[in-house]
Amino acid sequence: MKVPFFSAYPGRSRSFFLLFADVLALVVAIVSSFGLYKALGAHYEMSIVLRLWPIPVMVVGMNLAGRVYLGNVLYPGLPMNPVEELRRQTLSVIASFLFFTAFLTFTRTNIEYSRVALTLALFLSLIFLPIFRLILRHIMWRLNLGRIPVIIMGESTFVQKIITKITDDRHAILKIEGTVSDSAVKGLPNYAASEVLPIAKEKKVYLIYCPSATYPLSDLRHFMLMFHRVLIVEGENTYPVLRTYAANFYNYFAFESGNCLRRKGSLIEKRLFELLLSLIAIAIAIVPMLFLVLLVKLTSKGPVFYVANRLGRKGRPIRVFKFRTMYPDADERLKQILEENPQYKAEWEKNFKLEKDPRITPIGKFLRKTSLDELPQLINVLRGEMALIGPRPIVADEVKYYGEFYETFSSVKPGITGLWQISGRSDIDYETRVALDVYYVRNWSFWLDYYTFFATIREVLLCRGAK
């Protein structure tokens, strides 16, 4: 039996699922932190945890105010960008814990609570909330639950690109009800513009409007009256999306765009953040790295490290360190492989990689699969040649593929990890890699780095896309 409250707007069910996941993550984080602290010898009753109920209430309240649950929870819209969602969610958690701690201090009841346990609960909450949301979205995607119905309007070429992204997206989780386009997309109904109104009323769908010569922006006024919400998608990726905000300029629609890379304070913040993380990573990984040094040395002849010539900021040449994953005569082998196998040559010219590369040693396959071969690049970060997070370091022969975007791409340091690593790595084509690198530079912020760092840990643990 359908419940009208949820069936009228499928986004409602997902909004409440996300709200439940947040509360559950906070409860698990708080109980785990205080339980761990007690297990280490602290003397207090676990019933004290029940008195921490204001923290989940405040987090949910701030998330509601921050429109983290798809906007208005009763009449939700489409999901916000995952970077912005993570930013607002993080600020909600930190603010809630600070307010609660201030309340305890003001009422002089702070002595009843362990500051260590509260701090641990804060950090666990920052980790558990995005993880619980990730798990929930995966379950909903697999079970086909809470999908928000949309109709896409625009020229067929761009509409097809949007459909491809929606199909693979486990964050937005949309259900495509059909298209309004110059030609039908296989497997989907294609409606005339005049047929959209009854569909919009009956199914409460959302319109994704892609302006073009055939569907000019001026025609949008006719559809604004039909749909509860309309998402306007520009075909040209020109503006920094994450740093652009809608504005009312003397009753005209306008948007303001910012460039964090022009702010010296932001660049200093990024550098300090990455130095701190690099030092922590080296301290944690020093013993495993020594073990890997022995493993590489004992399993094949040649040096332990491979030094690759790459282009750094402003096109300056840099030497990037990696654990050696190929045989010493890899260059000769590559030349012979490309000469004898036209299919390998075509693959190399397209991606500068070979999916089944015979030059890689057995231990090298493991290092690449787990991304452990890139650990020595932390030295490049400490030396200021690379960033922890940034665009891919490329060779000189790849510059031509960036074309007019190379100036944008080379305006920042290359990174050990970046958007392409968390978006499929070897599984995505070169054009998409370029687009992701340029997107990163245009949209850079502390929160984009924070999201990328968090997502990199997920990808490394799952060993996805690395070859």
Side-chain angles (χ1 to χ4, degrees), residues 11-74 76 79-140 146 171 273 446-447 449-451 453-455 457-458:
R12 285 176 178 168
S13 59
R14 185 158 56 164
S15 294
F16 281 93
F17 285 151
L18 290 173
L19 192 153
F20 173 76
D22 288 350
V23 173
L24 182 61
L26 288 165
V27 170
V28 172
I30 293 171
V31 172
S32 299
S33 60
F34 277 82
L36 177 62
Y37 192 62
K38 184 176 182 178
L40 294 176
H43 300 287
Y44 59 79
E45 296 296 326
M46 283 297 292
S47 59
I48 197 174
V49 173
L50 297 176
R51 285 183 271 168
L52 297 176
W53 63 265
I55 294 178
V57 171
M58 283 190 289
V59 171
V60 169
M62 291 185 181
N63 280 347
L64 286 169
R67 305 178 68 80
V68 177
Y69 302 113
L70 285 72
N72 186 322
V73 72
L74 297 180
M80 65 176 60
N81 183 282
V83 177
E84 181 62 18
E85 178 181 288
L86 183 62
R87 183 185 77 87
R88 297 189 188 189
Q89 191 174 332
T90 300
L91 294 177
S92 295
V93 172
I94 294 175
S96 297
F97 272 87
L98 290 177
F99 284 146
F100 185 74
T101 304
F103 172 77
L104 294 179
T105 304
F106 181 75
T107 58
R108 298 183 180 180
T109 56
N110 55 319
I111 194 173
E112 300 178 18
Y113 298 86
S114 165
R115 285 173 291 183
V116 174
L118 278 174
T119 303
L120 180 58
L122 168 61
F123 283 106
L124 287 181
S125 297
L126 293 175
I127 296 172
F128 286 177
L129 259 73
I131 290 178
F132 275 53
R133 282 192 166 218
L134 183 68
I135 294 173
L136 172 67
R137 282 188 163 107
H138 180 74
I139 294 173
M140 294 176 67
H171 177 80
F273 174 69
F446 169 81
W447 294 104
D449 277 0
Y450 178 54
Y451 169 79
F453 179 75
F454 189 91
I457 296 175
R458 177 192 68 200

_Pairwise distance OH(Tyr37) to CG(Leu120) - rounded to 0.5 angstrom_ = 10.5 Å
*Test Tyr69 against Leu64 for side chain to side chain contact (heavy atoms under 4.5 Å, CB included), laying out the working first.*
CA-CA 6 Å; Tyr69 302 113; Leu64 286 169; 3.6 Å; yes
_Nearest non-hydrogen partners of Ser125 and Val93, listed with the distance_ = CB-CG1, 3.8 Å
*Between Arg88 and Val68, is there a donor-acceptor pair closer than 3.5 Å when you use the side chain of the first and the backbone of the second?*
no
_So does Met80 get a backbone contact from the side chain of His171, meaning a donor-acceptor N/O pair under 3.5 Å?_
yes
*Is the shortest heavy-atom distance from the side chain of Glu85 to the side chain of Pro130 under 4.5 Å?*
no
*Determine the minimum heavy-atom distance between Gln89 and Asn63, stating which atoms define it.*
CA-OD1, 3.9 Å
*Atom CZ of Phe453 and atom CZ of Phe273: how far apart are they, to the nearest 0.5 Å?*
6.5 Å
_Phe454 atom CZ: more than 12 heavy-atom contacts under 6.0 Å_ = yes
*Worked check of side chain to side chain contact (heavy atoms under 4.5 Å, CB included) between Thr90 and Leu129*: CA-CA 9 Å; Thr90 300; Leu129 259 73; over 6 Å; no
*At their closest point, which heavy atom of Met62 faces which heavy atom of Ser96, and how far apart are they?*
SD-OG, 3.7 Å
*So Tyr450 and Trp447, would you call those rings parallel, tilted or perpendicular, with 30° and 60° as cut-offs?*
perpendicular
*State which residue, out of Phe97, Phe103, Phe99, fulfils the side-chain contact (heavy atoms from CB on, under 4.5 Å) condition with Met58.*
Phe99
*Under a 4.5 Å cut-off applied to non-hydrogen side-chain atoms, are Phe100 and Leu52 in contact?*
yes
*How about Leu134 and Arg458: do any of their side-chain heavy atoms sit closer than 4.5 Å?*
yes
*Please check if the side chain of Ser33 supplies one atom and the backbone of Ile30 the other of a donor-acceptor pair under 3.5 Å.*
yes
*Can you tell me if CZ on Phe123 sees more than 12 non-hydrogen neighbours from other groups inside 6.0 Å?*
no
*Enter the distance from Leu18:CG to Arg133:CZ here, rounded to the nearest 0.5 Å.*
4.5 Å
*Where is the tightest heavy-atom contact between Phe128 and Ser32, given as atom of each residue plus distance?*
CE1-OG, 4.5 Å
*Can you tell me how far CG of Leu19 sits from CG of Leu70, rounded to the nearest 0.5 angstrom?*
11.5 Å
*Hey, what do you get for CZ (Arg137) to CZ (Phe17), rounding to the nearest 0.5 Å?*
13.0 Å
_Heavy-atom side-chain contact between Phe132 and Asp22 under 4.5 Å_ = no
_Nearest-0.5 Å distance that lies between atom CG in Leu136 and atom CD1 in Ile131_ = 13.5 Å
*Taking side chain as C-beta onward, heavy atoms only, is Val23 less than 4.5 Å from Val57?*
no
